[in-house]
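A short write-up of the structure that comes next.
Keep in mind that the numbers below use all heavy atoms, side chains included, and drop hydrogens, waters and symmetry copies. Proteins get letters first, then strands, A, B, ... in listed order; numbering begins at 1 in each. Keep in mind that what you see is a predicted model, and the values were worked out from it rather than measured.
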There are 2 protein chains.
Amino acid sequence: MHPEAPPGGTATPPAAPTFSPLYQQIKALITQGLEAGEWRPGEMIPSENELAARYKVSQGTVRKAIDELAAEHLLVRRQGKGTFVATHTEPRAQFRFLRLMPDEGEQAYPESQIVDCRRMRAPAEIARNLDLKPGDPVVVVRRVLAFAGRPCVLDELWLPGALFRGLTAERLTESRAPLYSMFESEFGIKMVRAEEKIRAVAADAEAARMLRVAPGTPLLSVDRLTYTYADRPVEVRRGLYLTTAHHYRNAVS
Amino acid sequence: MHPEAPPGGTATPPAAPTFSPLYQQIKALITQGLEAGEWRPGEMIPSENELAARYKVSQGTVRKAIDELAAEHLLVRRQGKGTFVATHTEPRAQFRFLRLMPDEGEQAYPESQIVDCRRMRAPAEIARNLDLKPGDPVVVVRRVLAFAGRPCVLDELWLPGALFRGLTAERLTESRAPLYSMFESEFGIKMVRAEEKIRAVAADAEAARMLRVAPGTPLLSVDRLTYTYADRPVEVRRGLYLTTAHHYRNAVS
DNA sequence: TAGTGGTCTAGACCACATG
DNA sequence: ATGTGGTCTAGACCACTAT
């Protein structure tokens with residue numbers, strides 16, 4: 001497909017100066033396929049040659065589109081096998097969104113305990129962040145994460161109700177998988193990237209009780225806004241991390 | 001140059017199975033040039049065609065090498081002009097290593113006040129992080145950063161003495177430029193990436209005094225190890241951030 | 001007008017995985 | 001043996017910048 005005049009071709013130049021490179025258009029088409037669920041997480045997408053034939057472009061152009069999607073972790077290339085929709089369960093992505101590391105030893109998944117899961121109407125600020133209208137249905141989840149029996153994280157999540165129908169405390173408790181893996185397999189929502197604001201705060205009475213520390217203990221406050229495909233925000237999260245034996249790891253690059 | 005047997009050629013296959021793609025070898029050669037100071041920050045490197053001729057490879061191979069170096073922020077491409085060695089002073093990189101943001105309003109550079117700058121012998125832990133031997137000369141810098149007159153950051157830096165000869169409190173105070181810009185222009189050390197460990201801690205008496213808060217106030221503790229070209233560590237930094245009107249911004253991608 | 005990076009194509013061969 | 005992604009080449013034209 002040549003959705004716009006091909007730069008290298010002999011077609012008449014377009015009247016409007018609204019250009020985007022062919023590979024960007026291909027990239028957008030693939031992203032739309034991901035968003036629409038045409039290929040689910042873990043599945044293989046068509047081969048480069050097949051996509052090139054389908055879109056009537058050269059293999060190199062498809063390659064460049066896929067290269068960028070792989071760099072953004074939406075796709076995973078595997079030589080000799082194919083290109084696959086990225087998954088939260090594969091090792092490479094395992095700890096991409098779990099940034100709390102033990103000061104000593106290997107990173108591992110914590111035990112999760114659901115404290116609360118209820119549906120309610122979105123407060124103004126949550127609605128604004130999730131691109132909803134105030135009063136739209138949302139799901140609130142509160143939980144405690146523990147490493148080796150030691151509670152270290154107090155989490156509060158806000159999710160669009162429309163996307164998470166049937167999400168209950170029971171299902172959350174039954175599922176042994178990490179949250180994002182479960183969201184991906186059960187609700188078809190794949191988290192792609194997030195923006196975070198990090199602060200140091202003092203534990204209030206409730207946080208102190210849940211994390212079994214003295215009130216006033218310094219905690220890491222992490223405000224996260226998480227996006228799925230096409231930069232759609234789908235989760236607001238407020239986390240309180242106890243950083244006496246753990247730290248938040250970050251790479252500035 | 002064909003440093004190894006060219007994959008596409010008809011040369012005899014190499015005896016040893018020690019391969020790396022041509023473009024990776026070109027990338028390494030360019031990185032060596034950057035490390036050796038062949039092209040200084042802000043300068044233009046040779047054009048793609050020139051490099052292709054020099055190394056006896058196709059332009060596309062040089063392009064792929066430069067693409068990766070640009071993605072890693074070592075180089076900056078400018079259409080129609082050339083490819084340049086990245087600089088800390090250009091807008092795009094301005095706030096890459098300064099992650100403290102005001103909760104409201106635009107990000108800006110803080111005023112810096114040098115508290116201390118002295119040369120000493122490296123303690124064991126600093127030496128280990130900087131790839132030095134214990135006792136090797138290091139420079140320690142302590143400073144306070146203030147936003148709009150409000151002290152918000154207490155910083156302690158450890159630098160290899162051999163790379164920062166002539167670094168004094170006077171030169172630090174005179175220089176109005178951001179620290180990394182000054183390191184780059186004055187000492188030829190370009191910071192490329194960093195790894196950080198973030199925790200919430202309580203302000204001790206000294207930190208409380210310097211930041212003008214009550215002792216015990218929660219502060220963000222940021223332990224940073226900063227690398228220059230070729231993954232050489234060149235700075236250990238411990239920062240204490242006051243996050244009442246600011247936050248540490250982070251993108252998980 | 002000339003030189004730079006940016007895009008696109010077509011074709012070749014290599015390395016890896018599977019049947 | 002076949003199909004996949006990975007690398008490399010050669011050449012074309014476009015868009016931008018400077019002179």
Original post:
Is there a side-chain polar atom (N or O) of B:Thr61 under 4.0 Å from OP1 or OP2 of D:dC8?
Top reply: no
Original post:
Would you say A:Thr83 reaches D:dG5's phosphate, i.e. side-chain N/O to OP1/OP2 under 4.0 Å?
Top reply: yes
**OP:** Mind checking A:Gln79 for me? I need base, sugar-phosphate or nothing, with any heavy atom below 4.0 Å counting as a touch.
**Re:** base
Subject >> Passing option when A:Asp155 is tested against A:Arg238, A:Arg237, A:Arg224 for side-chain hydrogen bond (donor to acceptor under 3.5 Å, both in side chains) >> reply: A:Arg237
Original post:
Could you state the interatomic distance from CD (B:Glu186) to CZ (B:Arg171), rounded to the nearest 0.5 Å?
Top reply: 5.0 Å
**OP:** Using atom CG of B:Asn49 as one end and atom C1' of C:dA2 as the other, report the distance to the nearest whole Å.
**Re:** 13 Å
Original post:
Which comes earlier along DNA chain C counting from the 5' end, the contact point of A:Gln24 or that of A:Gly80, where each point is its nearest nucleotide?
Top reply: A:Gln24
Subject >> Nearest-angstrom distance from the residue atom CG of B:Leu22 to P of C:dC13 >> reply: 17 Å
Original post:
Testing A:Phe183, A:Tyr180, A:Phe95 for ring-ring contact (aromatic ring centres under 6.0 Å, His included) with A:His88, which one passes?
Top reply: A:Tyr180
**OP:** Ignoring backbone atoms, establish whether A:Arg77 has a side-chain N or O less than 4.0 Å from OP1 or OP2 of D:dG6.
**Re:** yes
Original post:
Within this structure, what is the CD1-to-C1' distance between B:Ile66 and C:dG6, rounded to whole angstrom?
Top reply: 13 Å
Original post:
Within the structure, does a side-chain N or O atom of A:Arg63 lie under 4.0 Å from either OP1 or OP2 of D:dG6?
Top reply: yes
Original post:
What is the distance from CD of A:Glu48 to P of C:dA10, rounded to the nearest Å?
Top reply: 15 Å
Subject >> Protein-nucleotide distance (B:Lys81, atom NZ; C:dG6, atom C1'), rounded to Å >> reply: 16 Å
Subject >> Value in whole Å for how far the P atom of C:dC8 lies from CG of A:Leu51 >> reply: 16 Å
**OP:** Figure out the CE/P separation between A:Met44 and D:dT4, and round it to whole Å.
**Re:** 6 Å
Original post:
Given atom CG of A:Leu75 and atom P of D:dG6, what is their separation to the nearest angstrom?
Top reply: 11 Å
Subject >> Nearest-0.5 Å distance, CD of residue A:Glu111 to CZ of residue A:Phe147 >> reply: 8.5 Å
**OP:** Report yes if at least one side-chain N or O of A:Ser47 is closer than 4.0 Å to OP1 or OP2 of D:dG3; otherwise report no.
**Re:** no
Original post:
Any idea which heavy atoms bring A:Pro233 and A:Leu225 closest together, and the distance?
Top reply: CB-CD1, 4.0 Å
